[in-house]
Each structure stands twice: as C-alpha cells, then as structure tokens.
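What follows is one structure encoded as structure tokens, with my remarks underneath.
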There are 2 protein chains.
Amino acid sequence: MEKVTMADVAKAAGVSKSTVSQYLNNRFEYMGEKTKQKIEEAIEALGYQPNYIARSLKQKRTSMVGIIVANIMHYFSTEVSRAIEDYCNHHDLHAIVCNADDDPEKEKKYIDMLRAKQVDGLIIFPTGQNNQLYENMIRQGYPVVFVDRKVQNLSVFSIVTDNRESTNRAIQQFVAKGHRRIAFAVQPLKVSTRTERFEGYQQAMKDAGLEINPDYVIESDIPGMKSKLEELFSLEERPTAIFAGNDRVFLEVVRCLRDKGLKIGQDIELVVFDNIPFAQVVETPVTFIIQPASEMGTKAAELLFEQINKVDREPEEFVFPSKLV
Amino acid sequence: MEKVTMADVAKAAGVSKSTVSQYLNNRFEYMGEKTKQKIEEAIEALGYQPNYIARSLKQKRTSMVGIIVANIMHYFSTEVSRAIEDYCNHHDLHAIVCNADDDPEKEKKYIDMLRAKQVDGLIIFPTGQNNQLYENMIRQGYPVVFVDRKVQNLSVFSIVTDNRESTNRAIQQFVAKGHRRIAFAVQPLKVSTRTERFEGYQQAMKDAGLEINPDYVIESDIPGMKSKLEELFSLEERPTAIFAGNDRVFLEVVRCLRDKGLKIGQDIELVVFDNIPFAQVVETPVTFIIQPASEMGTKAAELLFEQINKVDREPEEFVFPSKLV
DNA sequence: TTGTAAGCGTTATCAG
DNA sequence: CTGATAACGCTTACAA
C-alpha cells in the first residue's frame, strides 16, 4: 500500500519529477498542455497521493499549528479552540489540539512534542508553571500566542478577559440586590484568571463595606470541592449568594445544592464565570459571565498567523470584555 | 530559530551523525561511556531538538492517527475521541481529530489530507456518502476502523451500538407506562444509526399493537427541527411521550417544550439517545440511552493499533449494548 | 518548456 | 564501538 511516489508518476507520464512537482504546485505558466494532461492521467491511473511529510522536510514548514489547552473539560477552551480551527481552515493551516490536563509536566511534554513535529506555531493556555520553557521559545523567536491566562514578565502576545472587572460587577450586582453573605468558590489560586477573579470579589466586597467571611471562601481542586461546599452549605448562617469560579466549579455547586435540597434562585443566588451551554436551555435562574470565546480564539489565531508569516511587531496583551447574562 | 541539527550535535561532540542517532534511539549497547556523555553535553549546550518530520520520512511512519468525527457537536463523539486519545497516549501515538461536520465533501477532504500527512491509520465516524473512497482505502490495506455507523458491503472493522434494540426497549418502557401517543424525532434518515433507531421504534409500536401516527414522526435537520416540533406540540392530540434521536435533537425538543410551557415528566415524557452531561445534574426527569462511549473508543483504538502493527485478522463488527438510565 | 542534481534531517546498512 | 554513505519523497535553482 501507499507506495506510489512522484517518481512513479513521472515515469508513467514520461516526464521528470520536477515537472510533476510543478504541476502539483499549480505552476502551469510554462507548461505544455499535453504534458499537463499526461501527468493528470498518470496521477489518476496510479492513484497518486503526494507525501506532505517529504514536502514539509524540504520547505521547513508543516502548515500545522498546535493548541495546548490547560484543560479540555472547560467549555470555554473548546469554544476558543473551535474558533482557532475555523480561522486555520481558512488559511491552509491545520490545528492540532492537546490537553495539558492542568499538569505542567504534560504541558511540557506536548510543547516539546509539537515542536519536534515541527508545527509552525503554538497557541497555549498556559499552566503557568513552565516559565523557563516559555521564555526559551519566545527568545528563539518561535511563534507563540498565550490565551486565557497571563504569565509574568514575558514579552508575548496574549489574549485575556477582564476577569477582575467582570467579577467585580457580578458581585456588585449581588450587593445591589441586597445580598450580604456572598460566597466565592474557586480552584487553587495558581493562575492569573483565578487570582484576578478573587481580587474582583475582594474589591467589590470592600467597596460595599462588607467583611469577607473566610468560611465563605472556598479554594479547592475539583475532587475536594464537594466536601468543602457541603460544609459551607451546612453553616448556621448560610451564604445567600455564591460565585462559582468556572464551569466545573459550577457543576460541583449545582450538585451540592441539589443534594442539600436547596433551590437556586430561591434559597441561594448563583453567578458562574463561563458559559454553560445546556444550562441556558433549562430554566435555571443563574447569571453567567460570558467571555467572547470565539472572538478571542480568532484573534489568537490571527496573531499567530502574523508571526508565522514573519510580520514583526511588538507583543501586546489584548483584553476582551466579558458580559453578564 | 530552530536550526540546530543532528550534524551540529555530531560536530560539537566530535562524533558522527550516526553515533548521535544511535544515542537518540537508545541504542547504548555498544556505546562508549565518554561518547555518550559528550553527546549528552552537546545536545544540552546547543538545545538540540530532534526533527520528527525527517525521521518520519525515513521510517515511513508518523506515529499519528487521524480521527474523523461526523459531527463534533455530539457529546458522544467527544467521549469516544477522548478514549481513543487515551489509548494512543499509552501507545506512543498521537491522535488528531477532524470534524467532518456531516459533510461528505469535508470528510473526503480530511481523509485525503490526513493520508497525505501520512498518518498511520484512521478512525472514522463515516458520513456514509463516500463509499468509493472507503473502499479504496480498505483495498489498499490502509488501517481503518469505522465507529458509530455501519457502511454497507464493506469488509472493515466497525464498532457500533445496538441502536435498534435499545430504542425498542425504550419505547416498550413508554408503552408499559401506559403511553399510547409516542412521538419520534430524528435527523434525516441517511445513516444507519438513525434508521436503526427508527426501526426499533416501529417494531416496538407494532409489537404493542399501536398505529404510528405520521404526524408524530419528525424527520428533519437541526435548523428545521424547531418549526416541526412546534407543529407537533400544537396538535390537538399532543403526544404524551417523545423519543429524541440524539443530543442535538434533544436540545431542540427541550427548547421547544420550554417555549410552549410544557413540563418534562409532567406534560410529556422524554427519552433521548445519548448522554447529556449537564442534564444529569439538574433534576430533569429524562431517560437517557447511554452508549458505552469510552469502551467503544478504546476498542476502536485497539483494532486500529493492531492493523498498524500488521496483525492480520478478518474484519469484524463489534456491537456494544447501551443502557437506559 | 522540461530535465538534472543538490539538498532537507533523519535512519539503516555495512565496513572498519 | 563508531563512521561513511545511501536512501526517504519532495522542492528548487540552474541548465538545457
């Protein structure tokens, strides 16, 4: 199987390899009509399929870009990825996505692997724990765009949301509705998105003249969140409103509320940072902070494309606004 | 950037390319301890990274496999893909997934593209409209596994669910609960999954001695489904139960019911073929027909892996049972 | 307008 | 134990 090469086609058509190559690359300018036809027939007859690997080796470009998402379980990641893929499709690139699973080791493994595979550039949702590695890439001038999370002290293109401000607004809204006991649940504060959201919460509470009750702040990974939430909702003075740091936290919160028999919108109000596709359909009275995922993805792809094509410009940070729904 | 090659390492270490190659491929058997160290240092110093493209060209294998899903919007597809990816990860393969978007043209494009990229094998959720193409691949002995949908007259490994039987059981359950007006909503009956589910419905109705009311059978693509559903629920004699052909149909049904102010489980009962992750969390009284997606994915990957490694055996069809939840 | 030949960065074969 | 040397399948000057 899979053995017919350009040389075979050339032989069959009675021309040379280079001529076939010309043909394949649509350099018809100087090609005789009959040669063209002979080649066409030969290709058809032999069922020839070009070998991109060989071509890539020569051209030093693979027309592939890598996307490394921190965790594919977030709907936001898949939305952004989809937008990137769309952009790539329209620009003769192929995007291949890898899931770092919030694990810096895996992230490193994928970065190395993709670079070994010679992908032309990388869009990364960084775990934030591989600064040395990031730095090397940047220094070497390798095309990279960071998405979602900021990394300190790195001169690189990045695409983020106004995490602090939008969280702030959401909490303000709670306050305006008369809530005083406002809880905040989030995964470990190890990346910029989470710390910024937390800062937004703190700021809003402070501005409202409200003390933050430490019992109302849950910082835990997903597996451990359930038990902490249970404690929270078992408190004498239960919170009347809660902010869920992202979609996965949200799921835990909803599960826990259901188990406790608490009704969302009635016993407790809920804001979640991120879009939850299905939730919009059922009548759950939840406020969503929605990031413009596809615009962000498109922008990221654009910036990467520019870098791949050697457009030189100073790295910038693009902050997209998110909106409450 | 990215220019240091094996030759550079060889020069720096004062050895030949072949020796470096040995080193990289862990052929230490006959290698001197000092050469080993020199190479190690040289690699470190130069920041050398091997070029997989060149290696692939030589070895005629890329350690990549392609997954072409009919439509990535189905949760089932992503579950299966994830299982395949897991398997691949454990077997030094990289899976790259493409979305045919239910479009045979795109499917063909992706098959051609992936083969041009020399992926070692393909797992396909076939659109079913490219039989000629499928046949060619099989005939050439190219490693392929089909998932989810059957394709007629093709000697190929395939992984499917017992669509007919499980739909049948679901409808029987409706009947047992006393339902008589049972509707069936599905996308165009162009692929085996849908026709089989429909047959399951027909059979169950027949066995129960119930006439099928043509008004109760909705066959439409997703964009057109909304209006047809509206008609259905506006009928004088509304159905009391409805079967949704898959998750996307389900979403349309739920939307429509909400708009009509009908309560699921109260005004109408609902079965859906497929898993809906979020729906399980909220208290929606829906029955799900759940396919063992990850087992199916793993099996598919296994079969592909065997073929890639030239294990010769007769193609088989594997039918997995799904269960009502 | 088409052919020749030299790479691209590896691996594989076979001497030394 | 290590090193030449020839592929792998394609592109691209340059020559004809």
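Quick note on labels: first sequence line is chain A, next is B, and so on, each numbered from 1.
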(message) Pick the closest DNA chain D nucleotide for Asn51(A) and for Ser16(B) by heavy atoms, then say which residue is nearer the 5' end.
(response) Ser16(B)
(request) Please round to the nearest 0.5 Å and tell me the distance separating atom NZ of Lys117(B) and atom OG of Ser56(B). (result) 13.0 Å
(request) Test for a donor-acceptor pair under 3.5 Å between the base of dT4(C) and the side chain of Ser18(A), counting only N and O atoms. (result) yes
(request) Return the value, rounded to whole Å, for the distance between atom NZ of Lys60(A) and atom P of dT12(D). (result) 13 Å
(request) Flag the pair Arg82(B) and Asp86(B) as a salt bridge only when some basic side-chain nitrogen lies within less than 4.0 angstrom of an acidic carboxylate oxygen. (result) no
(message) Could you check whether the side chain of Lys58(A) and the base of dT12(D) have a donor-acceptor pair of N or O atoms closer than 3.5 Å, going by distance alone?
(response) no
(request) May I ask you to say whether Glu302(A) pairs ionically with Lys299(A), meaning some side-chain N is under 4.0 Å from a carboxylate O? (result) yes
(request) Identify whether any heavy atom of Ser21(A) sits under 4.0 Å from a base atom; if not, whether one sits that close to sugar-phosphate; answer base, sugar-phosphate or nothing. (result) base
(message) Just to be sure I understand the rule, does Ser56(A) reach a base, reach only the sugar-phosphate, or reach nothing, if contact means heavy atoms closer than 4.0 Å?
(response) nothing
(message) Just to verify, which of Lys109(B), Arg115(B), Lys108(B) counts as forming a side chain to side chain donor-acceptor pair (under 3.5 Å) with Asp112(B)?
(response) Lys108(B)
(message) From CD1 of Ile53(A) over to C1' of dG9(D), roughly how many Å is that when rounded to an integer?
(response) 11 Å
(message) Expressed as a whole number of angstroms, how long is the span from Leu24(B):CG to dT10(C):P?
(response) 8 Å
(request) Starting at atom CD1 of Ile43(B), determine the distance to atom C1' of dT10(C), rounded to an integer number of angstrom. (result) 14 Å
(request) Send over the distance from Asn25(A) CG to dG9(D) P, rounded to a whole Å. (result) 18 Å
(request) Write down the distance between CD (Gln59(B)) and P (dG9(C)), rounded to a whole number of angstrom. (result) 17 Å
(message) From CZ of Arg55(B) over to P of dG9(D), roughly how many Å is that when rounded to an integer?
(response) 17 Å
(message) Using whole Å, what does the distance between atom C1' of nucleotide dC8(D) and atom OH of Tyr52(A) come to?
(response) 19 Å
